Number of protein chains: 2
Amino acid sequence: MGTVTGKVLPQPTRDEIRVETVLQALADPVRLRMVAELANSAEPIPCGHFDVEVGKSTVTHHVRTLREAGVIEVRQVGTARASTLRKDDLDARFPGLLTGVLSGVD
Amino acid sequence: MGTVTGKVLPQPTRDEIRVETVLQALADPVRLRMVAELANSAEPIPCGHFDVEVGKSTVTHHVRTLREAGVIEVRQVGTARASTLRKDDLDARFPGLLTGVLSGVD
DNA sequence: TACGTAGTACGGTCGTCATCGAACCTTTCG
DNA sequence: CGAAAGGTTCGATGACGACCGTACTACGTA
């Protein structure tokens, strides 16, 4: 518990994260919902466990978009891919952005 | 001084502003630049004075998008339309969002 | 009145992206 | 081994939106 094992999939470093890309990633309603779920979850969330009404391959697409934007970190755990929110990195890079966005969800 | 005259064009009230719409509005690079200009400007900015490289009618489009999202307020001043950032409303509704976004611009 | 200024409205084009289904891969387990 | 679980990849489709130019309106002024 707590510590997640497995390899981290490629992602931008903290200082490579660009606000424009992050905003584009968060602008989609499905992805915004995913981010909100991650923010409210103590545990990492596998691709198939997001509560969204889109097909499997679409979830794959959204997870990749969020990862490449630097919003989430994805680890390979067995056959599963567990996502976590990169809260520390986002807070360091764009202080207040994440909490501001999350305050407006639901 | 400071006070801007003229009629305010239709816009959402503070509590009608939705985070999803705001994010979509900010996700465009041209609009993000406009918002940054407004944040750095003491005076309202007329449509024709934004430092962006798009045509007139496109600026109209972006100004309308930002206004309808609740990001800016637009007043009719003679033949001009002066835009200002709705900083108070955005800060009240989504604390930290605006400053977080602006910290990542330029 | 005629003109310049500031911006909108309209019609159209083009590119991007969200979505899906089907096929495929890999690990786990009976 | 065979099958199920969990995701990815591919190709296609459909919708939205950024952009432009032209035509138009409203206001101010020489």
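Owing to the predicted nature of the structure, the values given are computational and were not obtained by experimental measurement. All chains are named by letter (A, B, ...) in the order of the sequence lines, taking the proteins before the strands, and each is independently numbered beginning at 1. When reading the values below, keep in mind they use all heavy atoms of this one structure, side chains included, and skip hydrogens, waters and symmetry mates.
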Point to revise | From A:R31, A:R67, A:R33, residue fulfilling side-chain hydrogen bond (donor to acceptor under 3.5 Å, both in side chains) relative to A:H62 | key: A:R31
Point to revise | A:R81 side chain reached by A:T60 side chain, heavy atoms, under 4.5 Å | key: no
Review point. Could you give the CD-to-P distance, from A:E20 to C:dT16, as a whole number of Å?
Key: 14 Å
Practice item. Could you check which of C:dC20, C:dA9, D:dG7 has an atom nearest any side-chain atom of B:S57? Key: C:dA9
Check your understanding: Among the nucleotides C:dC20, D:dC19, D:dG7, which one has an atom lying closest to any side-chain atom of A:A80?
Key -> D:dG7
Revision key, fill the gap. Closest to the side chain of A:K56, out of C:dA18, D:dG7, D:dC19, is D:dG7
Review point. Under a 4.5 Å side-chain heavy-atom rule over Ile, Leu, Val, Met, Phe, Trp and Tyr, are B:L38 and B:V77 clustered together?
Key: no
Practice item. Measure the distance from CD1 on A:I72 to P on D:dG7 and round it to the nearest whole Å. Key: 12 Å
**Study point:** B:V30 vs B:F50, side chain to side chain contact (heavy atoms under 4.5 Å, CB included): CA-CA, chis, key distance, verdict
**Key:** CA-CA 10 Å; B:V30 175; B:F50 285 105; over 6 Å; no
Practice item. Determine the contact category for A:V30: base if any of its heavy atoms lies under 4.0 Å from a base atom, sugar-phosphate if only primed atoms, P, OP1 or OP2 are that close, otherwise nothing. Key: sugar-phosphate
Check your understanding: Between A:R64 and A:L9, is a side chain to side chain contact (heavy atoms under 4.5 Å, CB included) present by the stated rule, with each step listed?
Key -> CA-CA 10 Å; A:R64 175 162 38 85; A:L9 271 62; over 6 Å; no
Review point. In whole Å, what is the span from the CG atom of B:D28 to the P atom of D:dG17?
Key: 11 Å
Exercise for review: Give a yes/no on whether any side-chain N or O of A:R31 is located under 4.0 angstrom from OP1 or OP2 of C:dA18.
Suggested key: yes
Exercise for review: Ignoring backbone atoms, establish whether B:H49 has a side-chain N or O less than 4.0 Å from OP1 or OP2 of C:dA6.
Suggested key: no
**Study point:** Rounded interatomic separation in angstrom, taking CG from A:L32 and C1' from C:dA18
**Key:** 15 Å
Practice item. To the nearest Å, give me how far apart CD1 (B:I45) and C1' (C:dA6) are. Key: 16 Å
Review point. Could you state the CE-C1' distance from A:M34 to D:dG7, rounded to the nearest angstrom?
Key: 13 Å
Check your understanding: When you check the phosphate oxygens OP1 and OP2 of C:dT26, does a side-chain N or O of A:T79 lie under 4.0 Å from one of them?
Key -> no
Practice item. Would you mind reading off the distance between A:Q24 atom CD and C:dC17 atom C1', rounded to a whole angstrom? Key: 10 Å
Review point. Does the side chain of A:H61 get closer than 4.0 angstrom to OP1 or OP2 of D:dT8 through an N or O atom?
Key: no
Review point. Rounding to a whole Å, what distance do you find between B:R81:CZ and C:dT8:P?
Key: 4 Å
**Study point:** Side chain of A:T60 (C-beta onward), nearest among C:dT8, D:dT8, D:dC20
**Key:** D:dT8
Study note, to complete from the structure: A:V54 has its side chain closest, among D:dA18, D:dT8, C:dT19, to C:dT19
